[in-house]
2 protein chains.
Amino acid sequence: MTVIFSKKCEYGLQAILYLSTLEREAVLSADEIARKLNIPKEFISKILQSLTDSGIVFSKKGKSGGFALAKDPRRIRLIDVVAAIDGLAVFDSCVLGFPNCNPDNPCPLHEKWGQLRTKAYGMLTDETIDLFREKTISKVNAK
Amino acid sequence: MTVIFSKKCEYGLQAILYLSTLEREAVLSADEIARKLNIPKEFISKILQSLTDSGIVFSKKGKSGGFALAKDPRRIRLIDVVAAIDGLAVFDSCVLGFPNCNPDNPCPLHEKWGQLRTKAYGMLTDETIDLFREKTISKVNAK
DNA sequence: ATTTAATCAGATTATTTTATCTGATTTAAG
DNA sequence: CTTAAATCAGATAAAATAATCTGATTAAAT
């Protein structure tokens, strides 16, 4: 199966986008996020933990604790979330898997794929979490 | 880790491209392909078998047997190989993994990602194996 | 005919990714 | 102070992907 983001990254992006729709100051528990987005609770907990380590998410421990964005949504780029979870290797390695593919010694797809990849990277870099706040997460996630 | 094609698909594309550089009529054994491309022999054998079932590759059994393209390289599109190995689901599902994402109910990335995906699909559909025959596989694959 | 070198078919193993479990720690609230 | 509800940390389990093994069949070459 061809894949763009890992499941972990998909879930992480979903959660971040969801958190961006909340009031500032409010925290949401992993359990609530899991239920809202239909993500296994323990799995999204782990992902939120790692996003906390990366400084993208803030966590409040103890009773009535939970998670919130660590900074202004306008300052969290999609690429930051992807980098924190999946890393950026895909934007810097040969799409055909040839070990020595580089501009001086390109694989047959090097040029054309490179253009697409650059566009994708640019899009993820330009777009911040904030742009999507008005969208309703619930609709696209209904069972 | 973010990934575009599965390992299976990468290897399959590498092998097909390599086969396209051969003389018409010539067959190459799985073992030779494996050595040339640094792919586990048994693994590439399986992949070549499935590409044979898909009608992309022709196989000659018995001693001095091997594999060759089943048709003119100008008539094998990259997308055909991808479809045979990884399938095309990635070109028709939400990049964020939202189950109900569709044009009437789009996820925040629907529009922008859709454009990129269409371009990628178009590229894989336009390009055939033949275009790459002059490229030297060995160079991009050197250890 | 026999040997040899190849594909083919199906089972098995290894590795990675996804998901779950267990228990410790933290903190708000009664 | 005690309880309840949450994160946190690390181990474990399950599923998917990647890789390997075993033996059967095929066909060219001797």
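In what follows, chains are A, B, ... by sequence order, proteins preceding strands, each numbered from 1.
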For nucleotides 26-30 of chain C, give me every protein contact, N/O to N/O, under 3.5 Å, one pair per line with atom names.
residue : atom : partner : partner atom : Å
C:dT26  : O2   : A:Gly62 : N            : 3.4
C:dT27  : O2   : A:Lys63 : N            : 3.1
C:dA28  : O4'  : A:Lys63 : O            : 3.4

Kindly say whether A:Leu96 contributes a backbone atom to a donor-acceptor pair with the side chain of B:Gln14 at under 3.5 angstrom?
-> yes

CD1 of B:Ile79 to CG of B:Asp126: how many Å apart, nearest 0.5 Å?
-> 10.0 Å

Salt bridge check: are A:Asp80 and A:Arg77 linked by an N-O gap of less than 4.0 Å?
-> yes

Intermediate values then yes/no, salt bridge (Lys or Arg N to Asp or Glu O under 4.0 Å), B:Glu32 and B:Arg35 = CA-CA 5 Å; B:Glu32 290 172 291; B:Arg35 271 188 285 108; 5.3 Å; no

Between the protein and nucleotides 18-20 of chain C, list the N/O to N/O atom pairs that are separated by less than 3.5 angstrom.
residue : atom : partner : partner atom : Å
C:dT18  : OP1  : A:Lys7  : N            : 3.1

With respect to the phosphate group of C:dT7, does any side-chain polar atom (N or O) of B:Thr52 fall under 4.0 Å of OP1 or OP2?
-> no

Quickly work out the B:Gln14 CD to D:dA18 C1' distance and round it to whole Å.
-> 15 Å

For A:Leu48 and D:dT7, what is the distance between atoms CG and P respectively, to the nearest whole Å?
-> 8 Å

Would you say the side chain of A:Val27 lies within less than 4.5 Å of the side chain of A:Phe67, judging by non-hydrogen atoms?
-> no

Taking all heavy atoms of A:Leu69 and all of A:Ser20, pick out the closest pair and write down the distance.
-> CD1-CA, 3.7 Å

Protein-nucleotide distance (B:Ile44, atom CD1; D:dA18, atom P), rounded to Å | 12 Å

